[in-house]
Amino acid sequence: MRSPSTHGFLTRHPNCVRRASYHSVVASLLHMATKNIFADILDRVRGANNELIAAGVLPAGLDQSRVTVEPPRDPAHGDIATNAAMVLAKDAGRRPRELAEFIADKLCADGMIANVTVAGPGFINLVLKPAAWIEALRGAVESGSHYGKSDIGGGATVNVEYVSANPTGPMHVGHCRGAVFGDALANLLAFTGFKVTREYYVNDAGAQVDQLARSAYLRYREAHGENIGAIPDGLYPGDYLKPVGAALKAQYGDALRVAPEARWLPVVREKAIEMMMATVRADLAALNISPDLFYSERTLIGGAVDQVAAVIDWLRARGYVYEGRLPPPKGAPVEDWEDREQTLFRSTAFGDDVDRPLRKSDGSYTYFASDIAYHRSKLERGFRSLIDVWGADHGGYVKRMQAAVAALSENAAELDVKLIQLVKLLRSGAPVRMSKRAGDFVTLREVVDEVGRDAVRFMMLFRKNDAVLDFDLAKVIEQSRDNPVFYVQYGHARGHSVFRNARSMFADLPTDLTNPTVLTDAGLERLSNSAELALMRQIALYPRVVEGAALAHEPHRIAFYLFDLASEFHALWTLGNSAPHLRFIIQDDRQTTLARLVLVQGVVTVLASGLALLGVGAPSEMR
RNA sequence: GCGCUCGUAGCUCAGCUGGAUAGAGCACCAGACUUCGAAUCUGGGGGUCGGGGGUUCGAAUCCCUCCGAGCGCGCCA
């Protein structure tokens with residue numbers, strides 16, 4: 001059905017008084033200095049509803065959990081909108097618009113709200129007094145790097161496991177998206193009151209590290225001058241193992257050459273893993289990533305008790321593990337399919353499609369089995385919220401792992417698996433060839449060295465995790481709006497440029513714009529232009545964006561928000577070209593300049609904070 | 001065959017966990033530099049949100065069903 005224009009529905013509220021002075025409004029805002037302005041308004045809406053409950057308009061015991069406040073998509077609708085009337089109408093036994101009028105009437109009396117309208121199906125649109133936004137700006141500037149922090153995590157522990165690349169070589173470019181994602185997500189959670197452990201699972205058990213050892217042994221013999229010929233299939237051909245061979249020679253001389261494999265393998269394996277993990281750490285460090293804990297798979301099996309066996313027994317005792325048969329996989333036929341009885345985890349009890357094997361035909365554990373033991377270790381260390389960051393090709397394993405966590409924790413813990421899609425590496429639009437087979441794949445280090453850590457980190461986060469990402473090595477070092485890394489960093493640098501110019505014009509400007517006294521004297525009520533208010537609204541949005549991104553485990557929201565904020569800032573800056581009275585620096589007006597510098601300080605504060613969450617630098621100059 | 005992740009402007013993608021007339025960037029067209037760094041900005045055209053049903057005050061978003069893409073499908077991690 002086509003409805004008349006929204007404006008036809010607008011109801012201006014006649015009872016609204018707009019008399020409260022700037023200072024009285026400020027007084028009413030003091031308690032929310034660093035608080036999310038949206039959370040504050042939500043409290044006020046709930047307060048209005050509670051008054052209506054007391055007055056008998058709304059029923060007692062009303063569930064207000066679905067009431068939300070949000071910025072309307074169309075700014076013409078006001079600063080903040082609430083759906084309260086629409087979601088409460090049914091319980092209240094009233095029509096949404098009728099109820100909206102009641103709520104609006106209460107909200108009108110709020111000293112922070114300048115105007116209330118009821119629109120559309122029952123939206124209540126609020127326009128806040130400019131003082132509210134100014135106070136939000138003040139709060140942001142005063143809080144500095146703490147602005148946007150919250151305690152929604154309530155100190156709950158969260159375990160973020162990410163990267164977990166096999167210790168069989170240097171990290172390649174495909175690893176770095178998950179690494180950056182996990183690191184930024186951990187930053188975000190820590191910033192919002194969670195107690196975060198960043199963890200890297202080292203797959204240092206199993207066949208692949210034996211192959212690594214055999215590969216390194218060849219390099220060891222090569223270091224002694226032997227011609228080892230081509231590296232056999234199944235071994236790791238990369239040159240990066242040559243230093244391992246040299247190190248083995250330096251440490252053991254000839255001793256390992258005459259020993260049987262059973263003797264040298266553990267020794268070489270140990271050394272190779274150690275050196276590969278040193279490489280991994282260095283690669284991560286190039287991205288400014290340092291996990292709190294490297295958890296070794298071997299400790300699960302090689303310790304005093306076999307943790308994998310223990311967890312299987314534990315699950316078996318509860319009926320989640322049994323001996324049984326699986327149907328052969330459908331689709332692509334398995335050549336050597338052998339129908340046999342095996343040890344199975346009953347993941348179907350938790351929504352998986354089939355039960356999953358825990359032992360291979362040779363009796364050794366599957367990867368899944370040791371992963372169950374590993375996740376049990378996380379639970380035993382007290383974590384009830386687990387986040388795993390995996391490559392998208394592991395998507396088929398999500399359900400079984402969640403099933404395992406549910407079984408292990410008796411449904412008390414939650415596992416969120418974030419799947420990270422592929423990165424398509426390009427140079428000026430042309431695909432960069434990557435051949436892992438030949439051992440000459442593009443390493444993470446090469447990419448970081450070429451375009452810099454900031455570009456890598458920002459671009460890896462400028463996309464949803466489950467969308468394929470095009471990463472163009474040429475584009476990310478362009479200095480243009482087409483390159484969001486630059487665009488956002490330039491916003492920060494430009495802010496500092498304004499500071500520099502202002503100080504050269506007014507030698508007596510306060511050195512610390514975040515000082516409360518300075519802020520009080522700054523005359524911030526001069527910030528009344530609509531473009532300035534728009535920028536303040538954007539700044540006030542930050543804590544809400546941070547919370548949303550943290551709860552949804554979606555760090556990319558921060559990157560997009562920063563892009564928008566930088567955009568608003570650049571827009572206001574350029575406005576000064578055609579409207580000189582709107583420039584940040586006004587030659588003969590120190591007071592106005594000071595007020596606007598505080599606004600710039602707000603922008604700079606948020607850009608720096610957001611970039612820090614992403615792990616990207618915030619340069620104050622980019623010449 | 002089954003499962004997972006997706007499908008939004010010509011291209012690359014957002015869309016705040018169900019909100020109002022679906023938004024950015026690139027590209028295209030038309031504009032703004034005696035400037036607080038134009039490394040920037042302003043305006044314009046461009047959409048059956050893959051198709052079709054359903055749920056409700058209200059759907060790009062949730063459910064069902066087709067179509068299409070990517071990934072995966074005992075003893076690889």
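Atom set for the values below is all heavy atoms of this structure, side chains included, hydrogens, waters and symmetry mates excluded. A, B, ... follow the sequence lines: proteins, then strands. Residue 1 opens every chain.
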With rounding to the closest Å, how many angstrom separate the [atom1] atoms on [N] and [M]?
N: rU21(B); M: rA59(B); atom1: P; result: 10 Å
N: rG58(B); M: rG18(B); atom1: C1'; result: 8 Å
N: rG46(B); M: rU12(B); atom1: C1'; result: 16 Å
N: rA27(B); M: rG68(B); atom1: C1'; result: 26 Å
N: rC49(B); M: rC6(B); atom1: C1'; result: 14 Å

Hey, is [atom1] on [X] packed in by over 12 heavy atoms from elsewhere, all under 6.0 Å?
X: Arg95(A); atom1: CZ; answer: no
X: Gln587(A); atom1: CD; answer: no
X: Arg503(A); atom1: CZ; answer: yes

If you check the [X] side chain, which of [options] turns out closest?
X: Trp573(A); options: rC57(B), rC36(B), rU42(B); result: rC36(B)
X: Ser361(A); options: rC57(B), rG74(B), rC75(B); result: rC75(B)
X: Asp393(A); options: rG25(B), rA20(B), rG72(B); result: rG72(B)
X: Phe563(A); options: rG3(B), rG25(B), rA77(B); result: rG25(B)

Between Asp482(A) and Lys475(A), does at least one N-O distance fall below 4.0 Å, as a salt bridge requires?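 Result for this pair is yes, salt bridge flagged.
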Can you tell me if [X] touches the phosphate of [N], counting only side-chain N or O atoms and a distance under 4.0 Å to OP1 or OP2?
X: Lys399(A); N: rC73(B); value: no
X: Arg481(A); N: rC41(B); value: yes
X: Ser497(A); N: rG37(B); value: yes
X: Tyr487(A); N: rC41(B); value: yes
X: Asn501(A); N: rG37(B); value: yes
X: Lys90(A); N: rC57(B); value: yes
X: His556(A); N: rG15(B); value: yes

In whole Å, what is the span from the [atom1] atom of [X] to the [atom2] atom of [N]?
X: Leu565(A); N: rC41(B); atom1: CG; atom2: P; answer: 13 Å
X: Arg177(A); N: rU5(B); atom1: CZ; atom2: P; answer: 16 Å
X: Arg73(A); N: rA24(B); atom1: CZ; atom2: C1'; answer: 13 Å
X: Arg66(A); N: rU17(B); atom1: CZ; atom2: P; answer: 13 Å
X: Arg356(A); N: rC73(B); atom1: CZ; atom2: C1'; answer: 8 Å
X: Lys464(A); N: rA60(B); atom1: NZ; atom2: C1'; answer: 11 Å
X: Asn166(A); N: rA77(B); atom1: CG; atom2: C1'; answer: 5 Å
X: Glu70(A); N: rG18(B); atom1: CD; atom2: P; answer: 11 Å

pi-stack flag for His394(A) and rG72(B), centroid dist under 5.5 Å, interplanar under 30°: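 No; centroid distance or tilt outside limits.
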Decide, applying a 5.5 Å centre-distance limit and a 30° plane-angle limit (both strict), whether Phe123(A) stacks on rA20(B).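 So yes, this residue stacks on that base, both cut-offs being met.
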Contacts of type salt bridge (Lys or Arg N to Asp or Glu O under 4.0 Å), residue Arg537(A), not counting sequence neighbours: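 Partners of Arg537(A) under the salt bridge (Lys or Arg N to Asp or Glu O under 4.0 Å) test: Asp79(A).
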Using the ring centroid of each side chain, check whether Phe368(A) and Tyr397(A) are separated by less than 6.0 Å.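 Aromatic pair excluded; centres sit 6.0 Å or further apart.
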Taking the ring of Tyr201(A) and the ring of Phe294(A), is the distance between their centroids below 6.0 Å?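 No, ring centres 6.0 Å or more apart.
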Heavy-atom side-chain contact between Pro484(A) and Phe458(A) under 4.5 Å: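 Side-chain contact under 4.5 Å: yes.
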Which value, rounded to the nearest 0.5 Å, describes the distance between Asn125(A) atom CG and Thr82(A) atom OG1?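 Between Asn125(A) CG and Thr82(A) OG1, I get 9.5 Å after rounding to 0.5 Å.
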Quick one: stems for RNA chain B, with Watson-Crick or G-U pairs under 3.5 Å, at least three in a row?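 Stem segments, range with range: B:1-7 with B:67-73, B:10-13 with B:23-26, B:28-32 with B:40-44, B:50-54 with B:62-66.
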Does rU8(B) sit syn or anti, given that only angles within 90° of 0 count as syn?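 For rU8(B), whose glycosidic angle is more than 90° from 0, the conformation is anti.
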